[in-house]
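Please read the structure below before turning to the comments.
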There are 2 protein chains.
Amino acid sequence: MIIIQEAESARRNGSSSSLVTFAKGTPIYREGDTSHYWYEVVSGIVRTCRFLADGHRQLTGFYYAGEVFGIEDDSHGETAEAVTDVFIRRHERTADTLEDVDSAASKSHRLALQRALQAARDCIFLFGHKTALARVAAFLIAMTERMHARGDVELPMSRSDIADHLGLTIHTVSRTMSDLARQGLIALDGPKSLRILDGARLRALAGDDIVGNGKRNPALVS
Amino acid sequence: MIIIQEAESARRNGSSSSLVTFAKGTPIYREGDTSHYWYEVVSGIVRTCRFLADGHRQLTGFYYAGEVFGIEDDSHGETAEAVTDVFIRRHERTADTLEDVDSAASKSHRLALQRALQAARDCIFLFGHKTALARVAAFLIAMTERMHARGDVELPMSRSDIADHLGLTIHTVSRTMSDLARQGLIALDGPKSLRILDGARLRALAGDDIVGNGKRNPALVS
DNA sequence: CGAAACCTTGACTTTAATCAAGGTACGTGG
DNA sequence: CCACGTACCTTGATTAAAGTCAAGGTTTCG
């Protein structure tokens, strides 16, 4: 990890942030580490995960440019690693910054918490009663939307990352992607590059429309 | 729903709370409802859930006496229902109470957010790569600990609730419970009442010990 | 150019869902 | 108090889905 810049932003709150960089595959913090900082992706992609004794790994999220992670109090409940080479803005977490609700840091922290909770619940929802096909379809849609892509999608993470995120094996992920390609819903230009050919049918497969109040998942809206 | 008491607690913040009661099976709020309040269980049990178009339901949590739910900003992302007859303390959510970080309300709100995030992530973890046996075992352990029970456990929720919570069918939940009983790990005194006979083996089955930093899930500690 | 890591695919096995039936507990009304 | 109905729970047989085992192909990077 290399510190690029020490910025004394928001000086009145006593909070400071620095721009740091991590090479592909290296850890940013580890499960159990004390939360000295919280983080914001400047460029590249980050994954957060936990490890089980039986060797399994569960990815709890991917974070793209502009997104925030590592916002737990006290100690980090998960490990964060760089999926690609990344630039990260690292924000100091002092008693001050968290207590002063007017600070930009505290506001964005609260918002990040809300968003993290929403994301975690969406994930639970996806895991509950969904087939491999639905999970992969939902994943592809989510990634497309987060990259603001239109048709062309880059998947910077490995099949193993995707599998550990969706609660599947790499085999099932691979097979499912091939199935989607065979059915003409997507085109695989390579393992990490694909095009979405039939977004509507893909969304239908993901099938995450919610009953009640006429409220629907934004993923459904074309 | 019956309002029992209107309390003007924490008057200086302009926040107030009331004690209300709901009959078994009735909704406390619905998915999409504007978040006018947040809630605290006084007695009884509450479940939160979401519904899919295909008829499936996903329970995102059970809440026991003393626990807090419905803490999302803006609008509720899930429905809350009474599992048993319940008494609920309903807290008003005004711009004031949330901005004033010194208020007890805001502090407990933030803590509740953190805890909700932790709970959601534990749930994801459970769902990722776990067999029906491990899920049911983990569920029984979690329920035992939350009720501060020692051996004897009451399960006030139906098999259907448990199934929708664990991402299984009622059949699999029922079979798995019977298996555990057959193996002598638990004794079923009735569908809603059981005793844990071999907590150690049950924990081993749940297998949620985490690798790294020597930090382990509290559920593992006997 | 070669090695290592990663991805895809096929055959088989395991797990949980589905289909189907019967049992149990509880509440209501006769 | 008992009979009946309903909702809930359990269990068995069968089917579908994803994991495991195994092998071969591709990409990437030194």
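- A donor-acceptor contact under 3.5 Å links the side chain of H171(B) to the base of dT11(D).
- Of the two residues near DNA chain C, P191(A) and A132(B), the one whose nearest nucleotide lies more 5' is P191(A).
- Distance CG (L194(A)) to P (dC7(C)): 13 Å, rounded to an integer number of Å.
- Taking atom CD1 of residue I170(B) and atom P of nucleotide dA16(C), one finds them 16 Å apart after rounding to whole Å.
- Taking the six-membered ring for Trp and thresholds of 30 and 60 degrees, H56(B) and H129(A) have nearly parallel ring planes, at less than 30 degrees apart.
- Within the 4.0 Å cut-off from OP1 or OP2 of dT15(C), not a single side-chain nitrogen or oxygen of T131(B) is found.
- Computed from coordinates, the M177(B) CE to dT10(D) P distance equals 7 Å when rounded to whole Å.
- Protein atom NZ of K192(A) is 12 Å distant from nucleotide atom P of dT27(D), rounded to whole Å.
- End-to-end axis angle of the helix from dC1(C)-dG30(D) to dG30(C)-dC1(D), using five pairs per end and rounding to 10°, comes to 40°.
- Ring centroid separation for the pair H91(A) and Y39(A) does not come in under the 6.0 Å cut-off.
- Judged by distance alone with a 3.5 Å cut-off, a donor-acceptor contact links the side chain of R175(B) to the base of dT18(C).
- Partner of F51(A) under the side chain to side chain contact (heavy atoms under 4.5 Å, CB included) criterion, out of Q58(A), E78(A), R57(A): R57(A) alone.
- Checked for salt-bridge contact, R121(B) and E72(A) meet the test: a charged N lies under 4.0 Å from a carboxylate O.
- Among the atoms of the strands shown, base atoms are found under 4.0 Å from some heavy atom of S174(A).
- Between the NZ atom of K24(B) and the C1' atom of dA7(D) there is a distance of 11 Å, rounded to whole Å.
- The distance from atom CE of M157(A) to atom NE2 of H165(A), rounded to the nearest 0.5 Å, is 8.0 Å.
- T79(A) and R30(A) share no side-chain donor-acceptor pair at under 3.5 Å.
- Within the cation-pi definition used here (under 6.0 Å to the ring centroid, within 45° of the axis), R47(A) does not qualify as a partner of F62(A).
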- Message: Could you walk me through whether L140(B) and I186(B) satisfy the side chain to side chain contact (heavy atoms under 4.5 Å, CB included) test, starting with their C-alpha distance in whole Å, then the side-chain angles of each, then the deciding distance to 0.1 Å, before giving a yes or no?
- Response: CA-CA 10 Å; L140(B) 292 180; I186(B) 62 173; 4.3 Å; yes
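- Counting to the nearest Å, the P atom of dA17(C) and the NE2 atom of H129(A) are 7 Å from each other.
- A cation-pi geometry, defined here as NZ or CZ lying under 6.0 Å from the six-membered ring centre and within 45° of its normal, holds between R90(B) and Y37(B).
- We find that CG of D189(A) is positioned 13 Å from P of dT8(C), with the value rounded to whole Å.
- Residue H56(B) contributes atom NE2, which lies 13 Å from atom C1' of dA16(C) at whole-angstrom precision.
- Residues from residues 155-169 of chain B lying near DNA chain D, meaning a heavy-atom separation below 4.0 Å, are S158(B), R159(B) in numerical order.
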